[in-house]
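As C-alpha cells, the structure follows; a few thoughts come after it.
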Amino acid sequence: MGKNNTNILTQSTVLAMVLTAAIMVKEVSSLTICKIDINDMQKCRPAVIGINPPPPVNECCVVVRSANLECFCGFKFYLPILGIDPSKVAALVAKCDVTTIPPSCQVSKVLASRSLKNGA
C-alpha cells in the first residue's frame, strides 16, 4: 500500500472512531463533521437502521439537505460498523428529495431501488 493510501486510511479510521464514539455518547457538546453537528445526525438514525426502517422525519431531511454529501461519502465503507446499510442511506437521501448526488456517493441503483421497494 502506498504512503498516500496508508495516510488516507489512517485518517478515515480515526474519523470513523470519532463518529462511533460520538454516537455512543448521549450528547457531544459541539462536533461538526461534513457541515453537520454530530447530534443532528441522530435525527436520521432510525431511518437507516433495521430491516424496515420508518420514513425520515422532517428534521432528518433538513440535516440531509445541509450535509456535505461528498464529504460523507468518503466514509460510506464504515457505515456497516455503525449498523447502517449504505443502500438505506441512499434511499434516505432520495426520500428527502435530494437529487444531486456526488458520483462518489452513488450506491448501486439495484440496491437503492430494492431498498425503496422494501420500504427502507
Side-chain angles (χ1 to χ4, degrees):
M1 196 181 291
K3 205 172 208 176
N4 277 345
N5 289 341
T6 302
N7 192 21
I8 291 170
L9 180 61
T10 302
Q11 291 173 352
S12 297
T13 302
V14 168
L15 186 54
M17 290 187 305
V18 168
L19 283 171
T20 303
I23 288 172
M24 291 179 179
V25 174
K26 185 174 181 182
E27 187 156 333
V28 176
S29 59
S30 182
L31 177 62
T32 302
I33 298 173
C34 301
K35 293 176 55 179
I36 296 180
D37 185 292
I38 193 82
N39 295 315
D40 289 338
M41 289 182 197
Q42 292 298 323
K43 297 173 183 172
C44 295
R45 188 162 177 79
V48 293
I49 60 172
I51 295 172
N52 193 17
V57 295
N58 186 55
E59 292 84 7
C60 168
C61 288
V62 169
V63 171
V64 170
R65 288 186 207 111
S66 67
N68 177 338
L69 293 180
E70 190 152 9
C71 173
F72 267 115
C73 291
F75 305 103
K76 68 183 175 187
F77 299 107
Y78 298 102
L79 293 175
I81 294 169
L82 303 173
I84 299 170
D85 182 341
S87 66
K88 290 184 175 145
V89 173
L92 167 70
V93 170
K95 289 175 184 178
C96 287
D97 297 321
V98 175
T99 57
T100 306
I101 310 295
S104 61
C105 291
Q106 295 177 358
V107 175
S108 163
K109 290 183 181 186
V110 173
L111 287 175
S113 65
R114 190 177 305 151
S115 223
L116 284 172
K117 286 179 186 174
N118 291 334

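The shown structure was predicted, so the numbers you read here are calculated from the model rather than taken from an experiment. Hydrogens, waters and symmetry mates play no part in the numbers below; they use all other heavy atoms, side chains included.
Hydrophobic clustering of Ile, Leu, Val, Met, Phe, Trp and Tyr side chains at less than 4.5 Å, counting indirect connections, keeps F77 apart from V93. Transitive grouping of hydrophobic side chains (ILVMFWY, heavy atoms separated by less than 4.5 Å) keeps V57 and V62 in distinct clusters.
One distance of note links NZ of K35 with CG of L69; it measures 9.5 Å at 0.5 Å rounding. Interatomic distance, K88 NZ to I51 CD1, rounded to the nearest 0.5 Å: 7.0 Å. Put simply, SG on C60 and CE on M41 are 11.5 Å apart, with the number rounded to the nearest 0.5 Å.
Side-chain contact between D85 and V48 is absent, with no heavy atoms from C-beta onward closer than 4.5 Å. At a threshold of 4.5 Å between non-hydrogen side-chain atoms, the residues C44 and V64 count as touching.
For a disulfide, the SG atoms of both cysteines must be under 2.5 angstrom apart; this holds for C61 and C96.
For D40, the side chain to side chain donor-acceptor pair (under 3.5 Å) partners are K43, not counting sequence neighbours.
Shown here for F72 and I33, the closest heavy-atom pair between the two residues is CZ-O, 3.9 Å. Contact between P55 and A47 at its shortest, heavy atoms only, is C-CB, 4.4 Å.
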